[in-house]
Every structure is written in C-alpha cells, then in structure tokens.
There are 4 protein chains.
Amino acid sequence: MTDSVKPRAARGADKRRRLTAAAARILHEQGVERTTLADIARVAEVPVGNVYYYFKTKDELVQAALSEHSSRLDDLTGRLDELTDPRDRLKALVEAWVGQRDVAARYGCPTGTLAVELDKRADGTLDVEAGAVIRRLLDWTGQQFRALGLPDPDDLAVTLVSAYQGMSLLANALRDPDVMTREGARLLHWLDSLKAPRQTP
Amino acid sequence: MTDSVKPRAARGADKRRRLTAAAARILHEQGVERTTLADIARVAEVPVGNVYYYFKTKDELVQAALSEHSSRLDDLTGRLDELTDPRDRLKALVEAWVGQRDVAARYGCPTGTLAVELDKRADGTLDVEAGAVIRRLLDWTGQQFRALGLPDPDDLAVTLVSAYQGMSLLANALRDPDVMTREGARLLHWLDSLKAPRQTP
Amino acid sequence: MTDSVKPRAARGADKRRRLTAAAARILHEQGVERTTLADIARVAEVPVGNVYYYFKTKDELVQAALSEHSSRLDDLTGRLDELTDPRDRLKALVEAWVGQRDVAARYGCPTGTLAVELDKRADGTLDVEAGAVIRRLLDWTGQQFRALGLPDPDDLAVTLVSAYQGMSLLANALRDPDVMTREGARLLHWLDSLKAPRQTP
Amino acid sequence: MTDSVKPRAARGADKRRRLTAAAARILHEQGVERTTLADIARVAEVPVGNVYYYFKTKDELVQAALSEHSSRLDDLTGRLDELTDPRDRLKALVEAWVGQRDVAARYGCPTGTLAVELDKRADGTLDVEAGAVIRRLLDWTGQQFRALGLPDPDDLAVTLVSAYQGMSLLANALRDPDVMTREGARLLHWLDSLKAPRQTP
DNA sequence: CATGAATGAGTCTTCATTCAT
DNA sequence: AATGAATGAAGACTCATTCAT
C-alpha cells in the first residue's frame with residue numbers, strides 16, 4: 001500500500017525544489033524586478049508565508065534560480081562529455097542552443113538575461129554569481145578547444161559563448177527564432193573549419 | 001558678455017533635453033525597474049513634479065532614452081558614412097565599440113540591455129521600440145556588406161551585431177573590458193578576410 | 001470692413017463668459033471633483049495659466065457655474081412669468097423639465113447634483129450657495145401656488161421641486177428618460193387637480 | 001469569562017466587516033472623491049497597507065459600501081414584510097425614512113448621493129451597481145402596490161421612491177430635517193388615499 | 001494682461017518582509 | 001514547520017496653484 005503522506009523531510013525538500021524550479025522559470029520569463037514572491041509562490045503552489053522557511057529573502061530565490069540554471073548546464077555538458085570527439089561535443093552544444101530557439105526568441109538565454117539584469121545592481125553580490133555561471137560554460141568550452149589542440153582555446157571559448165549570447169539577444173529583441181537557426185549553422189561551419197596546427201615531430 | 005538668462009523656449013527645450021540625457025544615462029546604468037523618476041529628476045536637476053510636464057509617464061521617459069540611443073547611433077553611422085570604403089566603415093564601427101569597452105564592461109550595451117529588460121514585459125510596446133533600434137543598426141551594417149558585394153549581407157550583419165551584443169554581455173558579466181578588445185581584434189581580422197566572389201567578366 | 005480685433009475689455013469679458021459656460025457644462029457632466037481646471041480651460045479654449053486672471057481659485061469657478069445655473073433658472077422663470085395663469089406657469093415649468101429628460105437621464109439636474117456633491121464638503125461655503133439656487137426655485141414656485149390661493153403654498157413648492165429632484169435622480173440612476181416623462185405627466189395631472197378653497201364672500 | 005483572543009478567521013472577517021462599515025459611513029458622509037483610503041483605514045482602525053489585503057482597489061471598497069447599503073435595505077424590507085398589510089408596510093417605510101431625517105439633512109440618502117457621484121464617472125461600472133440598489137427598492141415597493149391591487153404599481157413605486165430621493169436631496173441642500181417630516185406626512189396621507197378600483201364580481 | 005512652465009503636497013497602489021498562532 | 005494576515009516603506013502619478021517673463 002502506497003501511503004500518500006510523504007515523510008516530513010521529503011515534503012520539505014519537495015517544496016524547496018518546486019520553489020526553485022518555479023523561480024528559475026518565472027524569473028527567466030518575467031525578469032527579477034517584475035516578479036513578485038507571490039508570483040513564484042503561486043506557480044510553486046506554496047503559500048506565500050511559507051516561502052520564508054526555505055528562502056530568507058527574495059535574493060536567495062534568485063540565487064537558487066541561478067543554481068538551477070547552473071546545474072542544468074552541468075547536466076547538459078555532462079551528457080556532451082559522453083561524446084568522444086571534443087569537436088562533436090561543441091557542435092552538439094550549438095545544436096542544443098538552436099533546439100532552444102523558441103524559448104530564446106521569447107525570453108532570451110536564461111543566464112544571460114539574468115546576468116544583464118543583475119549587473120545593473122549597485123550591490124554586487126548576485127551579479128557575480130550570474131557571471132560565475134557563464135564562466136562555467138566558458139571553462140567547459142575552453143577545455144574542449146584545448147583538447148582539440150587549438151591555440152588560444154580560451155579566446156575561442158569567449159568567441160563561441162559570445163556568439164551564443166549575441167544570437168540569443170538578437171533573436172529575443174527581434175522576436176525571431178530563425179536568427180538562432182542561421183547563426184547556429186554558421187557556428188557549426190566555423191567549428192568544422194578550425195584546424196589544429198601541425199605538431200612538430 | 002553672455003547673458004545667463006535664456007529665452008523661455010530654450011529653457012523648456014533644455015530641460016527636456018536634460019531629462020532625456022539623464023534618462024538615457026541612468027536607465028542604462030541602473031536598468032528601467034531599479035530607476036525611479038526621482039533618480040532621473042535628480043540627475044537632470046529638475047523637480048520631480050515638473051517631470052510630468054515633459055513626459056506624461058515613466059514609459060515615455062524610457063522611450064525618450066531609446067530615441068536618444070537611437071540618434072546617437074545615427075550620429076555614429078553618419079560619421080562613418082564619410083569614409084569611402086564600406087569595409088573601413090565597418091572596421092571603424094568595431095573600433096568604436098572597442099573604444100566603449102569600459103562602459104560596456106560596467107553596464108553593457110545601452111540598447112542591448114534595455115532590450116533585454118523590456119522584452120520581459122507582458123505589454124509589448126516598448127520592447128518593439130528597443131528592437132527597432134537594433135534593427136536600425138542591422139540595416140546600416142547590412143548595407144555596408146551589400147556595398148562590398150558580399151553574398152547574404154543581412155546574415156553577415158546579424159553575425160556582426162550579434163558578436164557585438166555577445167561580447168558586450170560577456171564583458172559586462174565578467175566585468176572584463178579585455179573581452180571587448182580581444183573579440184574586437186578578431187572581428188577586424190574577420191572583416192579583412194571577407195572577399196567578394198569573382199564577378200563573371 | 002469688420003475689425004476682428006475686439007476691444008480689450010470685451011475680450012476679457014468674453015473669456016470670462018466662456019470659462020463660466022464651460023465650467024457650468026463640464027462640472028455638471030463630470031462633477032466637481034473629477035473635473036480639473038485644465039478640463040475647463042480646454043473646453044473654454046483658454047490657456048490654463050490664464051484662468052487665474054478671471055478666477056482666483058477652482059472654487060470660484062464652481063461658484064461661477066452655480067451662478068450660471070441660477071441665472072438660467074431666472075431666465076426660465078422670467079419667461080414663464082409672461083404667462084398669466086400661475087397654474088400654467090407651473091405646468092410649463094414641468095414641461096420644461098420633461099423637455100430636458102435626456103440630459104437629466106445622463107447627468108441629472110445640474111443644480112441638484114452639484115448640491116449633492118458640495119454638501120459632502122466639510123467647509124460649508126459653496127454648499128450654501130447651491131442650496132440658495134434651489135431655494136430660489138422654491139421661492140418662485142411657492143409664489144405661484146400662493147397666487148393660486150392654495151393653502152400651504154411653500155409646502156406645495158417643496159413637494160413639486162422635491163418631485164423634480166427625485167425624478168431627475170431616478171432617471172439618472174436608471175439611465176431612463178422615460179421616468180421623467182411619466183412623472184412629469186403625473187405632476188401635470190396633480191397641478192390640475194389642485195383647487196383653491198372657497199373664499200368667504 | 002469571555003476570551004478576548006479571537007480565532008484567526010474571525011479576526012480576518014471582522015476587519016473586513018469593519019472596513020466595509022467604515023467605508024459605508026465615510027463614503028456617505030464625505031463622498032467618494034473626497035475620501036481617501038487612509039480615511040477609511042483610520043476609521044476602521046486598520047493600517048493602510050493592510051486594506052489591500054481585503055480590497056484590491058479603492059473601487060472595491062466603494063462596491064463594498066454599496067453592498068452594505070443594499071443589505072441594510074434588505075434588512076429593513078425584511079422587517080417590513082412581517083407586517084400583513086402592504087399599505088402598512090409602505091407607511092412604515094415612509095416612517096423609517098422620516099426617522100432618518102437628521103442624517104438625511106446632513107448627508108442625504110446614502111444610496112442616492114452615491115448614485116449621483118458615481119454617475120459622473122466616464123467608466124460605467126459602479127454607477128450601474130448604485131442603480132441596482134435603487135432598483136431593488138423600486139422592486140420591493142412595486143410589489144406592495146401590486147399586492148394592494150392598484151393599477152400601474154411600478155409607476156407608483158417610481159413616484160414614491162422618487163419622492164423619497166427628492167425630499168432627501170432637498171432636506172440635505174437646505175440642511176433642514178423638517179422637509180422630511182412634512183413631505184413624509186404628505187406621503188402617508190397619499191398612501192392612505194389610494195384605493196383599488198372595484199373588482200367586477 | 002498673457003501664458004508656458006514650475007512646484008510640491010497628496011493619493012492610490014505594490015510588495016518584500018515579518019508576525020502570531 | 002506552516003500560514004493567513006499584517007506592516008510600512010516606497011513609487012508613479014495628479015493637480016491646484018504660483019511664478020517669471
């Protein structure tokens with residue numbers, strides 16, 4: 001017999017998870033400033049007053065949303081790591097971005113738009129965290145370029161991630177997912193064209 | 001001797017201009033949602049109540065800031081148009097971007113960050129305007145590529161502007177102006193490498 | 001040749017008259033509190049800043065509107081006085097009311113609704129004036145009943161004016177001009193039915 | 001011994017009731033436009049910010065006040081319904097009005113004056129509700145006349161309610177409660193004089 | 001006299017955060 | 001832990017009135 005009553009701890013963890021997921025989604029869609037705690041609570045189906053048992057301030061929820069996006073990124077790169085060729089990993093990354101084109105055209109890149117909004121703050125706490133998530137992506141990308149034996153792998157990483165942020169922003173501003181498709185194709189082509197210099201024997 | 005008392009009309013227009021300039025700057029620095037009318041009024045040295053004589057709503061001020069950025073863009077492209085070679089114009093554009101690297105690292109691209117914030121709104125009025133400013137830049141850029149006789153000039157424009165938005169966002173998120181310098185150099189190189197296909201004789 | 005330039009005094013008096021007429025109309029339609037000086041100025045086609053040359057405060061404009069309604073009432077009773085039979089005068093008064101049924105259904109009796117609004121004020125200055133206009137109507141009506149040799153003419157006047165205010169209010173609240181028509185018919189019948197007691201010879 | 005600590009739900013409902021009662025009273029006394037939310041909150045002894053927990057807008061408070069007046073009217077007619085003779089009910093209604101003469105002389109009929117003020121609004125939402133309350137009174141009154149077998153009972157209802165609104169307005173404008181007394185006496189006499197036509201046997 | 005512009009007090013409304021139970 | 005209710009500090013916006021020219 002399955003008891004519908006969950007153990008306390010489980011219930012608590014569940015609510016926390018629901019709040020985090022709700023925050024990740026709504027903050028992406030509406031932005032930090034236009035989202036109220038009540039919005040997040042409603043989506044998470046948690047009573048407003050209860051939110052404060054899990055997150056002491058609104059900023060902690062923003063932080064949780066950032067972590068959520070960060071761990072989704074980790075999931076993605078984790079899956080990509082299963083591919084043997086670093087070039088294939090990067091190409092699959094680009095394809096994943098293009099796969100998100102409709103969301104990007106509507107709301108932009110979750111981390112990128114969050115970073116933009118948080119960077120406007122005088123208080124520089126959360127903006128650093130947003131930057132850290134992006135840096136994580138840069139690091140992983142740089143490793144792939146390095147594994148390919150390409151020179152200046154970190155610069156290449158900046159170029160690739162920068163292209164992603166740029167095309168997301170444009171797709172969003174123009175409300176046109178095709179921007180993602182076209183730029184994605186160009187990036188794939190670019191990745192294919194990169195050649196490691198001859199190794200001295 | 002210059003009389004410090006300005007004619008009436010001049011004073012009114014002057015205030016409007018001051019408010020617009022203040023809005024353009026503060027909205028860029030603090031973002032729309034975190035900026036109060038009082039902030040803008042203070043910077044423009046205009047009493048708060050008086051703001052409404054010039055702009056009926058906060059949104060009108062945002063709109064004015066967008067127009068300001070748009071006309072600054074026009075000024076820039078106007079100056080670039082004096083160069084004879086379209087390629088030189090594009091390279092000078094990139095150099096202008098790099099010249100703004102410190103501002104970009106601190107606050108991002110004015111139009112880009114504004115677009116990101118406005119796109120979060122349910123009410124799609126101002127976000128369209130932000131998109132229009134970006135489209136203006138795309139159009140001008142596309143014309144240069146077209147003048148160079150390059151294929152798919154509009155796609156190239158998207159690539160270039162996208163790169164600009166991406167590098168600004170990354171420079172901002174990482175608080176590192178060097179991103180602008182390095183990506184700028186790459187873009188200059190890329191522009192130089194573009195060759196028009198042979199014309200059939 | 002007709003000179004379009006009016007003498008100064010005339011122009012001034014004209015503006016004052018336009019402002020008064022505008023106030024009378026707009027205050028009736030929108031109520032005192034929901035009407036701004038700018039509304040009145042716009043309708044009168046007088047620049048806002050100029051209003052204060054003719055009326056030192058908003059209340060003075062309300063006052064002017066009351067006077068306007070009062071003198072329109074005088075005009076009406078003046079015309080009715082030309083009828084020889086006081087009963088005919090009263091019946092013509094009722095017919096005039098019914099003739100205004102569409103305005104009444106939309107905005108109520110100008111003086112009555114103004115009185116209602118002004119009576120809410122703590123400061124009892126203007127409300128007294130509104131009461132005075134109504135009293136003027138009561139006085140004239142009372143005189144007619146007195147001339148008919150009817151007992152308690154002032155009570156009859158209260159009954160008649162009260163009926164007018166009541167039917168205007170109901171017509172307005174129900175947005176139904178027919179209320180005016182039906183009640184008007186009843187009042188005419190009632191006036192006809194009133195008989196003076198036999199005089200002792 | 002009565003515990004002064006009330007259960008939660010009771011406290012919430014209590015505040016809502018206090019706010020509604022305060023709104024009903026103050027809006028009647030000061031009018032809608034001259035009453036601030038702070039006024040109502042103060043009378044209800046509720047912190048201003050808390051008002052919005054119960055009523056999302058000022059208009060909702062106006063609406064609540066209207067409902068309050070409506071249900072007070074229902075209470076009254078409910079009590080009158082216990083009288084067996086419809087004529088006695090109507091006479092008792094008139095006596096109830098006269099009993100309120102001092103309030104009427106100071107502030108007018110709550111529903112009537114509210115209707116007058118709300119009818120000035122461009123937005124026709126609340127004015128319809130005010131009309132509905134008056135219609136409720138008309139309906140009940142019409143039923144009594146119908147029960148008496150009188151012809152055109154609805155017209156008679158309009159006449160009676162109209163007389164009530166008219167005498168309230170006059171009493172208010174003239175600041176004279178005696179108007180209510182005298183007109184009330186006349187109405188009682190009128191009600192007594194009404195005879196149902198002979199029924200054909 | 002005229003008038004565009006200026007002013008600042010006041011009002012509604014929102015919301016993050018806290019509290020009592 | 002849980003939660004409905006409470007709180008107060010802003011913020012956008014309005015408008016009668018005044019002022020400078």
Side-chain angles (χ1 to χ4, degrees), chain A residues 8-9 11-12 15-16 32-41 46-62, chain B residues 5-16 33-41 46-61, chain C residues 8-9 11-12 15-16 32-41 46-62, chain D residues 5-16 33-41 46-61:
Chain A
R8 286 205 155 211
R11 258 188 301 144
K15 273 194 183 176
R16 185 171 234 288
V32 175
E33 304 294 339
R34 295 186 82 87
T35 298
T36 70
L37 283 185
D39 287 338
I40 298 175
V46 168
V48 224
N50 199 359
V51 172
Y52 282 83
Y53 270 89
Y54 301 96
F55 301 95
K56 267 189 283 297
T57 64
K58 184 182 180 182
D59 274 7
E60 280 192 16
L61 264 169
V62 176
Chain B
V5 178
K6 298 173 190 169
R8 277 265 221 88
R11 257 189 308 142
D14 183 48
K15 266 198 183 176
R16 186 169 235 287
E33 304 293 341
R34 293 187 82 86
T35 299
T36 70
L37 284 181
D39 289 339
I40 299 175
V46 168
V48 221
N50 197 6
V51 173
Y52 283 86
Y53 188 79
Y54 297 96
F55 300 94
K56 268 186 281 299
T57 63
K58 185 181 178 182
D59 274 8
E60 279 192 17
L61 264 168
Chain C
R8 286 206 154 212
R11 260 189 299 145
K15 273 194 184 175
R16 185 171 235 285
V32 175
E33 304 293 340
R34 294 185 83 86
T35 298
T36 70
L37 283 185
D39 288 338
I40 299 175
V46 168
V48 224
N50 200 358
V51 173
Y52 282 84
Y53 270 88
Y54 301 96
F55 302 95
K56 266 188 284 298
T57 64
K58 185 182 181 181
D59 275 7
E60 280 191 16
L61 263 169
V62 177
Chain D
V5 178
K6 297 172 190 169
R8 279 264 222 87
R11 257 189 308 141
D14 184 47
K15 266 197 183 176
R16 186 169 234 287
E33 304 293 341
R34 294 186 81 86
T35 298
T36 70
L37 283 181
D39 289 338
I40 298 175
V46 167
V48 222
N50 197 7
V51 172
Y52 282 85
Y53 189 79
Y54 297 96
F55 300 94
K56 267 185 282 299
T57 63
K58 185 182 179 182
D59 274 8
E60 278 193 17
L61 265 169

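F/dC15 atom P lies 10 Å from atom CD of D/Glu33, rounded to whole Å. The OH atom of D/Tyr52 sits 16 Å away from the P atom of F/dG8 (whole-angstrom rounding).
Nearest nucleotide to the side chain of B/Lys15, out of E/dT13, E/dA6, F/dT7: E/dA6. The side chain of C/Pro47 sits closest to E/dT3 out of E/dA16, F/dA16, E/dT3.
Using a 4.0 Å heavy-atom distance criterion, B/Leu37 is classed as a sugar-phosphate-only contact.
Using a 4.0 Å cut-off, no side-chain N or O of D/Asn50 falls inside it from OP1 or OP2 of F/dA5. Distances shown here put a side-chain N or O of A/Tyr54 below 4.0 Å from the OP1 or OP2 atom of F/dA2.
Here D/Glu60 pairs with nothing under the side-chain hydrogen bond (donor to acceptor under 3.5 Å, both in side chains) rule; sequence neighbours left out.
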**Item:** Residue pair C/Phe55, C/Arg16: steps toward the side chain to side chain contact (heavy atoms under 4.5 Å, CB included) verdict
**Value:** CA-CA 9 Å; C/Phe55 302 95; C/Arg16 185 171 235 285; 3.6 Å; yes
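The side-chain heavy atoms of A/Val51 and A/Ile40, taken from C-beta on, include no pair separated by under 4.5 Å.
Between the side chain of B/Tyr53 and the base of E/dA6 there is no donor-acceptor pair of N/O atoms closer than 3.5 Å.
For the strand DNA chain E, secondary-structure stems (runs of at least three Watson-Crick or G-U pairs, all distances below 3.5 Å) span E:2-21 with F:2-21.
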